[in-house]
Amino acid sequence: MKRDFLSLLDCSRDELQAILDLAAELKAALKAGREQPLLRGKAMAMIFEKPSLRTHVTFELGMFQLGGYPIYLTPNDIQLGHRETVADAARNLERFVDLIMARTFAHETLEELARCAQKPVINGLSDLLHPCQVLADCFTLFERGVNLRSMRVAFIGDGNNMAHSWMNAAARFGFELVIACPSGYQPSPLIFDRAHAAGGRITITGDVMEAAQGVDVLYTDTWASMGQEAEADERRAAFLGYQINGDVLRRASADAVVMHCLPAHRGEEITDEVMDGPQSIVFDQAENRLHAQKAVMVWLMRQVA
Ligand code: CP
Ligand code: NVA
């Protein structure tokens, strides 16, 4: 039966661990120069309603390295829901390709694609969730030997798609997550309730220093996500102080790592000093998008086979 990857909650803990193990194998094979044509002859449509650097490059390159063929579709090309319905686009694409990856505004667009296409759909970011990023982030910690069950993570900033996927990861892997955000910008209560019901140990606070106290991982993201450009000034005022800087870093555990999904807005949610400092692993995260997503693609195709 086909499976989709719209949320980390679509997979069990064991399945996510299997994907992380596969990512480690694929990464080692690539570094050793061994070919990995696991998706030879397969094709993937990549639909983008929003801009991208990392997601576009790593999915396209990942499919190429696996021997498959990626097809990049800009918002202008298919105009999902405008030129034709999402359902009709899905019913066409499923006849052509083996996988569909989409970056959308509304999460419902992804859900409709997944409902209407008989092929696996991967969430390359929606307004609600960014599971591929947090999977790559967990892979980055896993390969450093961090224990995903017992670590403590602080997410500083907006209760957005990244915060939501971290909440889902906490539910699946078992670690403790503290989210520090200003009032009015808390995560969705629905996502919180679901993650909590699934076993997530999650606290939400307004206090950055309290959140950072003794944690193993400090994480942040932009104050204004794609689609919120018009709110940027208002958000800049609301988020003042929700920044990972030297003072916040000193609150964390001495060997804490600093993470950011990127793109970063230096001087806003993170300072240069921290982002370019020895505890920052932001570019390892970016690299690992490639390996983690290759594992997702291979794993999804194995469920179909
Ligand atoms: N982190 C991330 O998804 O980056 P892009 O928006 O550049 O794809
Ligand atoms: N929250 C950000 C993440 C970018 C990778 C956004 O949605 O724009």
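Position 1 is the first residue of the sequence; numbering continues from there. Remember, it's 1-based here, ligands and their atoms both numbered in the order they're listed.
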Can we say [X] and [Y] salt-bridge, meaning some charged N sits less than 4.0 Å from an Asp/Glu carboxylate O?
X    : Y    : value
R236 : E268 : yes
K119 : E94  : no
E15  : R3   : yes

Worksheet entry | Enumerated ligand 2 atoms positioned under 4.0 Å from heavy atoms of L125 | 3 (C), 4 (C), 5 (C), 7 (O)
Worksheet item: Should you measure from each heavy atom of N161, which atoms of ligand 2 turn up under 4.0 Å away?
Response: 1 (N), 2 (C), 6 (C), 7 (O)
Worksheet entry | Residue shell around ligand 1, heavy atom under 4.0 angstrom | S52, L53, R54, T55, R103, H130, Q133, C261, L262, R289
Worksheet item: For atom 1 (N) of ligand 2, which of D221, D127, L262 has the closest heavy atom?
Response: D221
Worksheet item: Within the structure, does K50 bring an N/O atom to less than 3.5 angstrom of an N/O atom in ligand 2?
Response: no
Practice prompt. Test L262 against R54 for side chain to side chain contact (heavy atoms under 4.5 Å, CB included), laying out the working first.
Written response: CA-CA 9 Å; L262 307 180; R54 283 146 290 270; 3.5 Å; yes
Fill in: Lys/Arg cation over aromatic F105: K50, 6.0 Å, 45° cone
yes
Item to complete: Answer yes if the side chains of S253 and D255 hold a donor-acceptor pair under 3.5 Å, and no otherwise.
Response: yes
Discussion item. If you define the side chain from C-beta out and look only at heavy atoms, does anything of F5 sit under 4.5 Å from L135?
Written reply: yes
